[in-house]
Amino acid sequence: MNDPAHLWSACATTIQNHVSDAVWHSTFRDIRPHELASDGLRIHVPNSIARDKIERRYRHLIEDVLTEITGKQLRLLIDVESISLEAGDLQSAEELLLPAAADTTADEPLDDPRQVGTVGSGEGLFVDEPLNPRYTFEQFVCGPSNSFAHAAALQVAEQPGRVYNPLFIYGGAGLGKTHLLHAIAHFVNQHYPASLVRLVSTETFLNRFVYAIRSNRLPTFKDYYRRLDVLLVDDAQFFAGKEGLQEEFFHTFNTLYETRSLLVITCDRPPDSIPTLEDRLRSRFKMGLITDIQPPNIETRLAILDHRVPDECRHLLSNKVLEFIAERVTNNIRELEGALTRVCAFATLNRQVISVPTAQDLLRDLFTPQKQQVVTPGHILTACSTMFGISIDDIIGTSRRRQLVTARHIAMYVMRDLTDLSFPAIAAEFGDRDHTTVIHAVNKIKELMSERQQVYEQVTQLIRMLRSNLVTAA
């Protein structure tokens with residue numbers, strides 16, 4: 001058999017009997033035979049994603065089939081098909097997966113989503129969500145409230161797609177669900193480097209889906225999420241009420257599940273409590289293991305604080321101060337860490353040992369009676385506008401003037417500290433920016449609070465202004 005087309009046709013018939021229809025359509029259907037050499041068959045695939053998946057999972061299967069058909073040892077040679085595009089044509093799938101080049105400064109992130117290449121912008125480029133380097137299994141503090149979720153997450157990371165698939169983790173905001181998602185991604189990347197792992201918030205998935213439809217790039221969108229080894233989805237409660245999104249994710253879920261790819265989903269409530277969620281999707285969420293994370297007890301809160309104290313601040317904080325914070329902040333780890341950040345920043349800036357009375361004074365706005373209203377993004381933007389003397393339009397606008405960037409970043413930091421909003425949700429409040437801009441801003445302000453007295457005072461003043469105004473209005 002010297003004709004590569006005839007050889008591949010025979011090979012494809014056998015392969016199709018060994019894999020599911022979903023795998024065939026997502027991985028093998030678009031393969032084109034190119035050349036039959038003395039020692040191998042050269043094929044063309046449409047993009048690098050298909051090439052990588054075949055290399056990782058199906059090379060041995062194809063080579064075994066080639067040997068079975070020809071009676072001799074043949075290697076599989078894979079080339080990514082080069083596509084010539086005319087003006088106005090759609091970009092190839094591989095092009096759509098490449099991040100756009102960006103010119104950024106050392107101190108400030110790019111606020112324009114078109115420059116960082118997110119779908120939803122004019123460029124329409126898919127970019128993997130960045131992983132937080134601090135969110136690893138080693139950095140996750142276990143206690144009775146979260147130990148089972150931690151153990152389940154570690155086990156699915158150790159055996160991707162083979163146990164507890166899907167894994168569904170639910171619990172209130174700021175309790176560590178997102179941390180576990182990132183930890184799984186880090187672990188799989190480290191121990192299974194050939195695996196293709198993606199983490200996405202439901203909001204980002206929605207934005208990319210809408211853009212793919214509008215730009216006639218839905219096949220690329222499907223390929224991007226259906227040719228994975230691990231898909232991690234954050235904030236599944238946002239599927240509620242979005243029928244088209246649920247339909248798309250249902251098929252994505254089925255494709256990945258059939259190929260034994262790992263799915264991990266987080267939510268603020270169990271599947272049965274998500275309103276207007278289609279029964280077929282609800283049943284998919286319940287196929288594997290469902291576990292929850294509860295607010296940490298006092299011992300776990302103390303352990304978290306002790307684990308998070310920066311080395312340069314440890315000698316300035318006594319155990320009594322940590323106990324004081326742990327006793328007063330009870331329900332939200334994000335709020336717990338925010339309180340620690342403020343105390344440590346003050347101690348480092350002033351080179352001062354912190355006493356319990358000092359900590360109480362620094363955090364007095366945090367411990368006001370619980371009759372105050374919920375802080376909203378609108379409250380924060382209004383207070384920030386008043387404090388800096390600039391308009392809300394300027395805060396959420398695109399100007400790169402340093403004063404505006406500082407105010408914008410502080411508003412993002414406070415919004416992350418005082419609300420339950422995810423990074424993509426905060427980004428949406430600032431003119432539909434990319435969520436990586438918010439991550440950068442939060443980390444940047446957290447660092448500057450320990451380095452610049454002015455930034456520490458601005459953040460503290462804004463938080464106190466918000467809490468004071470809301471308590472007065474309550």
Side-chain angles (χ1 to χ4, degrees), residues 22 118-120 126 128-129 149 152-153 156 164-182 184-185 197-214 217-218 220-228 230-259 261-293 377 419-429 432 434-435 438:
T118 60
V119 165
F126 294 126
D128 288 348
E129 302 220 4
V156 301
Y164 305 147
N165 198 24
L167 174 62
F168 190 98
I169 304 172
Y170 71 92
L175 296 182
K177 302 185 301 298
T178 301
H179 187 141
L180 288 178
L181 283 188
H182 285 249
I184 292 170
V197 181
R198 290 207 169 99
L199 187 155
V200 64
S201 70
T202 305
E203 291 172 277
T204 299
F205 190 83
L206 170 62
N207 292 337
R208 292 175 171 180
F209 177 53
V210 170
Y211 182 81
I213 293 173
R214 289 176 177 172
R217 298 177 184 182
L218 202 52
T220 300
F221 174 86
K222 294 177 187 292
D223 283 346
Y224 186 71
Y225 286 111
R226 297 184 188 183
R227 299 189 179 192
L228 302 178
V230 178
L231 177 60
L232 310 163
V233 181
D234 207 6
D235 292 327
Q237 64 270 15
F238 291 107
F239 281 117
K242 301 176 180 68
E243 294 181 4
L245 183 66
Q246 292 184 38
E247 172 79 18
E248 175 60 29
F249 188 73
F250 173 79
H251 294 297
T252 297
F253 184 105
N254 285 346
T255 299
L256 294 175
Y257 186 81
E258 289 177 12
T259 58
S261 298
L262 173 63
L263 293 123
V264 184
I265 301 155
T266 70
C267 190
D268 66 357
R269 67 202 75 176
D272 287 335
S273 298
I274 303 175
T276 65
L277 185 68
E278 292 184 7
D279 288 339
R280 60 178 181 170
L281 194 55
R282 195 189 313 275
S283 68
R284 295 301 188 278
F285 290 167
K286 297 163 66 175
M287 286 168 56
L289 176 67
I290 299 176
T291 181
D292 69 331
I293 299 181
T419 74
D420 293 338
L421 296 181
S422 63
F423 286 121
I426 294 172
E429 298 291 338
D432 288 326
D434 184 72
H435 70 285
V438 182

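Treat the numbers as computed from the prediction; the structure is a model and nothing was measured.
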With sequence neighbours left out, what residues match [X] under side-chain hydrogen bond (donor to acceptor under 3.5 Å, both in side chains)?
X      : result
Asp268 : none
Thr291 : none
Thr266 : Asp234
Glu203 : Ser422

Sequence-distant partners of [X], side chain to side chain contact (heavy atoms under 4.5 Å, CB included), two or more places apart:
X      : answer
Ala185 : Leu131, Val197, Leu232
Ala428 : Asp432
Leu263 : Asn165, Pro166, Leu231, Phe253, Leu256, Tyr257

When you compare the side chain of Leu180 with that of Ile293, does any pair of heavy atoms fall below 4.5 Å?
yes

Compare all side-chain heavy atoms of Tyr211 with those of Asn207 and state whether any distance is below 4.5 angstrom.
no

Applying ring pair (Phe, Tyr, Trp, His ring centres under 6.0 Å) to Phe285 and not counting sequence neighbours gives Phe168

Could you list the residues that satisfy ring pair (Phe, Tyr, Trp, His ring centres under 6.0 Å) with His179, not counting sequence neighbours?
Tyr135, Phe140

Of Ile274, Ile290, Ile265, Leu175, which is the lone residue that meets side chain to side chain contact (heavy atoms under 4.5 Å, CB included) with Tyr170?
Ile290

Run the side chain to side chain contact (heavy atoms under 4.5 Å, CB included) test on Ile184 and Leu199 for me, step by step, so that the C-alpha distance in whole Å, both residues' side-chain angles and the decisive distance to 0.1 Å come before the verdict.
CA-CA 10 Å; Ile184 292 170; Leu199 187 155; over 6 Å; no

State, to 0.1 Å, how close [X] and [Y] come at their nearest heavy-atom pair, and which atoms those are.
X      : Y      : value
Ile169 : Ala149 : CG2-CB, 4.4 Å
Ala240 : Pro275 : CB-O, 3.1 Å
Gln246 : Gly241 : NE2-N, 3.7 Å
Ile426 : Val438 : CG2-CG1, 3.7 Å
Pro271 : Leu277 : O-CD2, 4.1 Å

Could you check whether Tyr224 and Phe205 have their ring centres less than 6.0 Å apart?
no

Report the residue from Phe209, Phe239, Phe221, Phe238 that forms a ring-ring contact (aromatic ring centres under 6.0 Å, His included) with Phe249.
Phe239

Residue pairs fulfilling salt bridge (charged side-chain N to carboxylate O under 4.0 Å, His left out) with at least one residue in residues 279-291, sequence neighbours excluded:
Glu247-Arg280, Asp272-Lys286, Glu278-Arg280, Asp279-Arg282

For Lys222, salt bridge (charged side-chain N to carboxylate O under 4.0 Å, His left out) partners two or more places apart
Glu248

For Gly172, does its backbone N or O pair with a side-chain atom of Lys177 as donor and acceptor, under 3.5 Å?
yes

